[in-house]
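When reading the values below, keep in mind they use all heavy atoms of this one structure, side chains included, and skip hydrogens, waters and symmetry mates. Note that this is a predicted model, so its numbers are computed, not measured.
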Amino acid sequence: MAATGSAPWQPQEEGLKEICGLLEQQISPSSSADKSQILQQLHHYSQFPDFNNYLVFILARAEGKSVEIRQAAGLLLKNNLRTAYKIMTPAHQQYIKSELLPCLGAADKHIRSTVGNIITVVVQLGGIVGWPELLQAFVSCLDSNDLNHMEGAMDALSKICEDIPQVLDSDVPGLAERPINIFLPRLFQFFQSPHASLRKLSLGSVNQYIMLMPSALYTSMDKYLHGLFGLANDPAAEVRKLVCAAFVQLIEVRPSVLEPHVKNVIEYMLQVNKDTDDEVALEACEFWSAYCEAQLPPGILREYLPRLIPILLSNMVYADDDESLIEAEDDESLPDRDQDLKPRFHTSRFHGSEDAEDDDDDSFNVWNLRKCSAAALDVLSNVFGDEILSTLMPIIQAKLAASGDEAWKDREAAVLALGAVGEGCINGLYPHLSEIVAFLIPLLDDKFPLIRSISCWTLSRFSKYIVQDSGHQKGYEQFDATLMGLLRRILDTNKRVQEAACSAFATLEEEAAEELAPRLEVILQHLMCAFGKYQRRNLRIVYDAIGTLADAVGGELNQTAYLEILMPPLITKWHQVPNSDKDLFPLLECFTSIAQALGTGFSQFAQPVFQRCINIIQSQQLAKVDPVSAGVQYDKEFIVCALDLLSGLTEGLGSGIESLVSQSNLRELLLQCCMDDASDVRQSAFALLGDLARVCPVHLHPCLSEFLDIAAKQLNTPKVKETISVANNACWAIGELAIKVRQEISPIVMPVVSSLVPILQHAEQGLNKSLVENSAITLGRLAWVCPDLVSPHMEHFMQSWCIALSMIRDDIEKEDAFRGLCAMVRANPSGALSSLVFMCKAIASWHEIRSEELHNEVCQVLHGYKQMLRNGAWDQCMSALEPPVKDKLSKYQV
């Protein structure tokens, strides 16, 4: 195939014909040839060093061939270059580049676009430095006044700006200035081009630099803003959309540059928020949330609220083509398709105070003007509070009063708006809460399914206050009516309503907790009835509602009458779902909550559940190395869910789990999981290790030193910030093991202490709050069981340790840590002298020490120092404390 000598490369007729023939077969829909065989054949050709030269030749010069074949050659070339470009000979690289540049102005738009894609890949791999002719070609095309050439260069340039903007904003040897400085003036000029395609490409390219904000753009900001206002009413919707996007990004990244023009921008956004093109209106609508988050003075926006709020409300009405309108007709008897099931993610077990907040999972749903407008109204209500009600409520009331079937979308939007402001305007709405709830409850039975579903959501937004008010007769009646109304909707025949009702009910459960106890039977009957009739997608939400119920009512669930309703359907499902089916995850999570709630009441169900978890972990660990003999594909989430259910069982059954653990190989499986390369598997494994340490440490004993070594390693990693939850759980597990195995922990005490001290010393650098708390507790527990090892190093960590201890709420774990404090002070009293003020503050952080024995130990420590510090030194220490701290210390008689 290769040409000889140094003559310019030429293709051989035969090779050209063969490759074109293959490409033709590959793209032809009617071709009977086996596509995988064609790909193999093409792959075989790609072993030849000049195969890519053939491809660029077909793309650039095969005038007689169809555009589709030339494009296919270009696409294959682009994909090949990703792996082959850097290992090609310079001559072949040069040939490809020289063939691409003349095609920038090709007559066919598709060829130009393909060339732009390939040029971007070459620049990604070889940089601008390696291709000085490219910039020159761009400049001459842009200045040529020929539409094809201008469009071709602009298309390629816009792709570079999108994928690798930084290459144009860097110094290039041999160039007097950065490429961006050469192109910016030309891009601004194209803002005024008569061709919409050039206006769109040039504006899109400049917008890519808002985040990077090179000095070239910053110094020509006035020119850019002038250009944006010039394009504001462009006839092309795509250009107007980019103008809106620019203003939204500027206010997020550089609000100061917009500040002088902010009133003009707000006026413009109000206008385009009503644009006839939905995509433009959506882009404009993003501006309001961005404005509120940019910390600009809210006063400026305040005067526009009477004009903005009506626009948002009219955009919250369902559009005629909204996919929800079509989905809303789905009857419950239609099975779900696989694409209806959104991906679900199990969160590994975490021991400690959570920092993360639950976000509503809307990532799967399509973002549109309706949702964006509701989100903007939510943000505005949080910034302006009740001020917006005077504008908002008359519109809501008018929409709700609209009668007749044709006005149902207006009524629905009004209910959505009420829910959207339910948090931010609660002070103003609270006096009218019972009227609002009384109005919403009948809407749960509306004939339009989307009104039924939105009413569920809006009620859930007020559920905290509905529960708060349930202490008096009228409030309780409303709480009960809400509860029963949502339960009715859980059994709706419409899938969309089922989903909304179940989610709303889970929110109500969280707020109501033990208030649900009197209604448990009827709740369980409804949930289990839904469990029997829901399709796969909504079934996951029922599992969640059952799990949330168990978390909310706890031990109340442990009554035979309730278990007879709850358990048989779950056990039937448990037998139906195979170990390789992802529908098992929500079922395992649901059982985890039930096991924790029932405590020892779960014993009768425990054996098969325990055994299945063991089987799942075993088969997944096998699948990891040999999926064929395991009979399942490896998926770590199965292991994580099974470990977490075992933790739930351990927590629920307590020492009752011992007989199950003793007859299994859990110890060996767990050790393997603690060493897994996936951090979420390790996270759940260390949580289970800590739970088992509490109730049956004897079964961990044979592998104790291995468990301790691996746990200690999790703390001593440079990447502790990346795997913070693993470190957190490992740290907690070490502490739990320490208080059970006492002296046997000694080999790892010093390595662990030396890892914990830096965590405590850098606590204020935004490290996870839970990791800092667990580090302080584990350090105390190690000091309690091995004071002779830890106390010689006290002065290195006393101050930061005491600061961390004073942040922890009163509980058993804090007691253990203070036992360690007292043990260390007895062993090395002088070690705490320099941090005495901090120690006093830590002691004063107790509300009360429940353990009498510990209370006495703390008294002894304080009295010891008082006797030790003579000649006014003790009083000096006391005078450094704030009065509330001194008051707290008085109960220790010092």
Side-chain angles (χ1 to χ4, degrees), residues 109 113 151 154-155 158-159 161-163 187 190-191 193 195-211 224-225 227-253 258 264-294 304 307-327 362-380 409 412-413 416-417 420 450:
K109 186 181 175 173
S113 176
E151 228 179 58
M154 206 44 258
D155 181 63
S158 75
K159 284 167 178 159
C161 293
E162 190 176 344
D163 293 348
L187 294 175
F190 276 153
F191 282 14
S193 163
H195 303 287
S197 60
L198 293 176
R199 297 196 302 275
K200 177 191 147 196
L201 290 168
S202 59
L203 175 53
S205 301
V206 181
N207 285 2
Q208 296 295 337
Y209 286 92
I210 294 176
M211 299 301 276
Y224 179 32
L225 292 174
L228 286 172
F229 283 119
L231 293 170
N233 296 312
D234 198 280
E238 287 186 301
V239 175
R240 296 197 302 280
K241 183 177 162 185
L242 286 167
V243 172
C244 293
F247 284 136
V248 170
Q249 281 187 8
L250 281 168
I251 207 150
E252 285 174 344
V253 179
L258 280 190
N264 289 339
V265 176
I266 291 176
E267 282 289 354
Y268 173 62
M269 288 301 190
L270 283 170
Q271 174 201 318
V272 273
N273 210 160
K274 299 182 285 197
D275 200 282
T276 48
D277 184 291
D278 262 5
E279 288 193 21
V280 177
L282 172 59
E283 200 61 62
C285 193
E286 300 284 2
F287 180 79
W288 312 116
S289 300
Y291 182 97
C292 292
E293 278 152 26
Y304 295 96
R307 289 164 59 198
L308 170 58
I309 286 169
I311 296 171
L312 294 176
L313 271 152
S314 75
N315 285 341
M316 280 159 66
V317 178
Y318 272 115
D320 293 334
D321 59 352
D322 193 306
E323 57 178 37
S324 299
L325 298 178
I326 302 134
E327 278 178 19
D362 263 345
S363 51
F364 184 73
N365 302 334
V366 179
W367 190 239
N368 56 25
L369 183 56
R370 166 191 161 81
K371 289 178 185 167
C372 186
S373 304
L377 189 57
D378 185 354
V379 172
L380 289 171
K409 290 180 190 162
E412 192 280 343
L416 168 62
L450 290 172

For the atom pair [atom1] ([X]) and [atom2] ([Y]), what is the distance rounded to the nearest 0.5 Å?
X      : Y      : atom1 : atom2 : answer
Leu228 : Asn264 : CG    : CG    : 12.5 Å
Met316 : Leu416 : CE    : CG    : 3.5 Å
Met154 : Ser193 : CE    : OG    : 10.5 Å
Leu225 : Leu250 : CG    : CG    : 6.5 Å
Asp234 : Arg199 : CG    : CZ    : 4.0 Å
Ser324 : Glu412 : OG    : CD    : 9.0 Å

Between [Y] and [X], is there a side-chain heavy-atom distance shorter than 4.5 Å?
X      : Y      : answer
Val265 : Tyr291 : no
Val243 : Val280 : no
Cys285 : Leu312 : yes
Phe190 : His195 : no
Ser373 : Leu377 : no

Problem - Candidate pair Trp288 and Val379, rule side chain to side chain contact (heavy atoms under 4.5 Å, CB included), full reasoning - result: CA-CA 8 Å; Trp288 312 116; Val379 172; over 6 Å; no
Handout entry: Step-by-step side chain to side chain contact (heavy atoms under 4.5 Å, CB included) determination, Gln208 to Gln249
Key = CA-CA 10 Å; Gln208 296 295 337; Gln249 281 187 8; over 6 Å; no
Practice task
Test Asn273 against Leu308 for side chain to side chain contact (heavy atoms under 4.5 Å, CB included), laying out the working first.
Solution key: CA-CA 9 Å; Asn273 210 160; Leu308 170 58; 4.3 Å; yes
Exercise for the section: Could you verify whether a donor N or O on one side chain and an acceptor N or O on the other, from Asn368 and Glu323, lie under 3.5 Å apart? Expected result: no
Handout entry: Between Asn207 and Tyr224: side-chain donor-acceptor atoms closer than 3.5 Å
Key =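 Yes.
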Where [X] and [Y] come nearest, the two heavy atoms and their spacing:
X      : Y      : answer
Leu203 : Val239 : CD2-O, 3.9 Å
Leu201 : Glu151 : CD1-O, 4.3 Å
Phe191 : Ser202 : CD1-OG, 3.5 Å
Asp155 : Ser113 : OD2-CA, 3.4 Å
Arg240 : Pro235 : NH1-O, 3.2 Å
Ser205 : Cys161 : CB-SG, 3.8 Å

Exercise for the section: Apply side chain to side chain contact (heavy atoms under 4.5 Å, CB included) to the pair Lys274 and Asn315, showing each step before the final yes or no. Expected result: CA-CA 8 Å; Lys274 299 182 285 197; Asn315 285 341; 5.7 Å; no
Exercise for the section: Measure up the Tyr268 and Phe247 rings against each other and bin them: parallel (under 30°), tilted (30 to 60°), perpendicular (over 60°). Expected result: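 Taking Phe247 first and then Tyr268, their aromatic rings stand perpendicular (interplane angle over 60°).
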Exercise for the section: Return each pair, listed once, that meets salt bridge (charged side-chain N to carboxylate O under 4.0 Å, His left out) where at least one residue sits in residues 276-292; pairs must be two or more places apart or across chains. Expected result: Lys241-Glu279
Problem - Salt-bridge criterion met for Asp320 and Lys409 (N-O under 4.0 Å) - result: yes
Practice task
Tell me, yes or no, whether the heavy-atom count around Glu252 atom CD, taken from other residues, nucleotides or ligands under 6.0 Å, exceeds 12.
Solution key: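 Yes, CD of Glu252 has more than 12 neighbouring heavy atoms, counting only those of other groups under 6.0 Å.
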